[in-house]
Amino acid sequence: MPQQVQGVVAPGRNEPVRVETIVIPDPGPGEAVVKIQACGVCHTDLHYKQGGINDEFPFLLGHEAAGVVESVGDGVTDVAPGDFVILNWRAVCGQCRACLRGRPWYCFATHNARQKMTLPDGTELSPALGIGAFAEKTLVAAGQCTKVDPAVAPEVAGLLGCGVMAGIGAAINTGNVGRGDTVAVIGCGGVGDAAVVGSRLAGAARIIAVDIDDRKLAKATEMGATHTVNSRTTDPVEAIRELTGGFGADVVIEAVGRPETYEQAFYARDLAGTVVLVGVPTPDMKLELPLLDVFGRGGALKASWYGDCLPSRDFPMLIDLHQQGRIDLGAFVTETIGLGDVEKAFARMHEGDVLRSVVVL
Ligand code: APR
Ligand code: ZN
Ligand code: ZN
């Protein structure tokens with residue numbers, strides 16, 4: 001029987017979100033219904049609400065979530081009712097060239113649930129990032145669920161569903177930060193701070209945090225940065241070179257998504273170093289570089305998609321490290337809120353003191 005639950009819906013471009021009754025179908029083949037326990041508020045949810053991702057309103061928002069599998073459809077063997085899971089954006093095929101090369105974020109045949117969740121009048125909802133987890137329950141493809149240790153707090157586990165995994169993965173997977181490395185992180189919001197945590201975990205000797213906001217730099221220091229540069233007042237490329245005997249950082253992680261910070265990242269790395277691009281630019285942005293510099297500066301320029309993570313490998317590992325006290329994922333949770341507070345959480349995002357507001361159910 002389809003069930004009616006409460007969920008946060010964005011009805012139209014820039015209209016305030018509201019808690020509405022939504023209808024969840026029984027899981028079909030390959031699908032699962034998950035009872036949501038926690039879901040973080042991410043900038044991407046705000047972008048959906050503003051119409052910046054696509055126009056497929058109404059959206060069911062929320063995509064950084066953990067919960068318990070309630071029921072599964074035919075053919076589902078990897079998860080079962082009662083499992084505690086973290087949700088990810090899409091199930092991958094496991095068989096295409098990208099999947100076989102261990103790069104599932106480039107999978108040619110990703111999918112979400114095939115059935116639609118709806119409003120009671122039958123209007124189909126578009127779930128944010130194929131999840132839609134600001135809701136008591138949601139319908140996903142079973143392959144979007146990764147089982148982890150249920151002893152961890154749901155508001156901590158859900159963080160790995162998006163920004164925190166993207167940042168940690170940018171350091172440990174894409175950047176392949178190694179012991180003794182110098183890492184510079186440009187942009188210290190939630191993603192950049194997670195890159196700081198990942199760099200420390202990987203054994204970086206120096207972690208240089210760069211931001212235009214001193215409060216963000218103070219927070220990055222709490223997270224493990226060893227040096228800070230306010231790039232509003234100091235040229236970050238010069239400062240990073242000075243801190244590295246003129247060479248530049250072994251790994252530079254860009255976590256803003258703007259032309260000027262892409263350019264800073266390009267010039268702040270050691271000639272043999274790696275630039276990791278995790279900040280997402282908008283379609284109109286361009287970067288102009290002298291070709292001689294592109295040619296003359298070797299090293300690598302790498303984009304990081306969802307931290308190049310393998311959920312079944314990385315989610316349980318990071319939860320384990322958190323449970324052991326070796327990383328503190330709880331430090332990313334600024335406040336826990338209810339389903340009715342998402343609009344307020346969007347407003348707070350720009351106040352500068354919030355890493356993550358997390359809806360707890
Ligand atoms: N130079 C340095 N830092 C900057 C600059 C700049 N020119 N402009 C903004 N910042 C800082 C902000 O002060 C803030 O601390 O970048 C940080 C961005 O943080 P958030 O807005 O909290 O964004 P976050 O969630 O961390 O995501 C960052 O990564 O995955 C992507 O889509 C995501 O593009 C976004 C980026
Ligand atoms: Zn997100
Ligand atoms: Zn695939």
Side-chain angles (χ1 to χ4, degrees), residues 32 34-40 42 63-69 77-89 91-92 94 102-105 131 133 140 142-179 181 183 185 190-204 207 222-225 251 253 276 278 304-334 336 355-356 358 360:
V34 178
K35 198 169 172 305
I36 300 300
Q37 294 180 315
C39 182
C42 173
H63 62 273
E64 225 176 76
V68 174
V69 175
T77 51
D78 288 349
V79 288
D83 284 349
F84 179 64
V85 296
I86 298 174
L87 301 180
N88 69 64
W89 308 339
V92 299
R103 311 194 74 192
W105 303 110
I131 295 180
V140 292
Q144 291 177 260
C145 301
T146 304
K147 207 174 150 173
V148 296
D149 180 356
V152 67
E155 61 269 31
V156 166
L159 297 171
L160 295 180
C162 187
V164 172
M165 184 67 244
I168 294 181
I172 66 174
N173 293 333
T174 320
N176 204 14
V177 171
R179 63 181 183 279
D181 280 355
V183 180
V185 177
V191 173
D193 278 349
V196 168
V197 168
S199 299
R200 182 157 106 158
L201 177 66
I207 303 168
E222 279 172 37
M223 297 292 205
V251 181
I253 298 171
V276 177
V278 63
S304 183
W305 270 75
Y306 200 173
D308 288 331
C309 74
L310 296 178
S312 54
R313 174 194 67 190
D314 294 337
F315 293 176
M317 171 190 72
L318 292 170
I319 294 294
D320 185 21
L321 290 169
H322 171 78
Q323 294 293 77
Q324 292 181 45
R326 292 168 65 189
I327 55 173
D328 179 13
L329 297 177
F332 289 90
V333 181
T334 313
T336 56
L355 278 181
R356 272 296 182 269
V358 183
V360 173

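None of the values given here were measured: they were computed from a predicted structure. The first residue of the sequence shown is numbered 1, and numbering continues consecutively from there.
To the nearest 0.5 Å, atom CD of residue Glu64 and atom CZ of residue Phe332 are 11.0 Å apart. Rounded to the nearest 0.5 angstrom, Cys39 SG and Ile131 CD1 are separated by 7.5 Å. Note that the NE2 atom of His322 and the CG atom of Leu159 stand 9.0 Å from one another [nearest 0.5 Å]. Considering CE of Met165 and CG of Asn88, their distance stands at 11.0 Å, rounded to 0.5 Å. Rounding to the nearest 0.5 Å places CG of Leu201 at 6.5 Å from CE of Met317. Annotation: the span from Arg103 atom CZ to Trp305 atom CH2 amounts to 11.5 Å, rounded to 0.5 Å.
Nearest heavy atoms, Ala204 versus Ile207: CB-CG1, 3.9 Å. Nearest approach of Val177 to Ala202, heavy atoms of both residues: O-CB, 3.4 Å. Minimum heavy-atom separation, Thr146 to Pro316: CG2-CD, 4.5 Å. Scanning all heavy atoms of the two residues, the minimum distance from Asp181 to Asn176 falls at OD2-O, 4.5 Å. What you find for Cys145 and Leu87 is that their closest heavy atoms are SG-CD2, 3.8 Å. What you find for Asp149 and Phe84 is that their closest heavy atoms are O-CD2, 3.6 Å.
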side-chain contact (heavy atoms from CB on, under 4.5 Å) between Gln144 and Trp89, intermediate numbers included: CA-CA 6 Å; Gln144 291 177 260; Trp89 308 339; 5.6 Å; no
Derivation of the side-chain contact (heavy atoms from CB on, under 4.5 Å) call for Asp83 and Val69: CA-CA 5 Å; Asp83 284 349; Val69 175; 4.3 Å; yes
Worked verdict on Ile253 versus Val196 for side-chain contact (heavy atoms from CB on, under 4.5 Å): CA-CA 9 Å; Ile253 298 171; Val196 168; over 6 Å; no
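Side-chain contact between Val85 and Val148: absent, with no pair of heavy atoms (C-beta onward) separated by less than 4.5 Å. With contacts defined as side-chain heavy-atom distances shorter than 4.5 Å, the pair Leu355/Met223 qualifies. Taking 4.5 Å as the limit, some side-chain heavy atom of Val68 sits within range of a side-chain heavy atom of Gln37. Inter-residue side-chain proximity for Leu310 and Pro104 is flagged as met; some heavy-atom pair is nearer than 4.5 Å.
Around CH2 of Trp105, the count of heavy atoms belonging to other residues, nucleotides or ligands within 6.0 Å exceeds 12.
Under the side-chain hydrogen bond (donor to acceptor under 3.5 Å, both in side chains) criterion, Asp314 pairs with Asn173, sequence neighbours left out. Partners of Asp320 by side-chain hydrogen bond (donor to acceptor under 3.5 Å, both in side chains), not counting sequence neighbours, listed by chain and number: Gln324.
Ion pair Arg356/Glu155 not flagged as a salt bridge, since none of the NZ, NE, NH1 or NH2 atoms sits closer than 4.0 Å to an Asp/Glu carboxylate oxygen.
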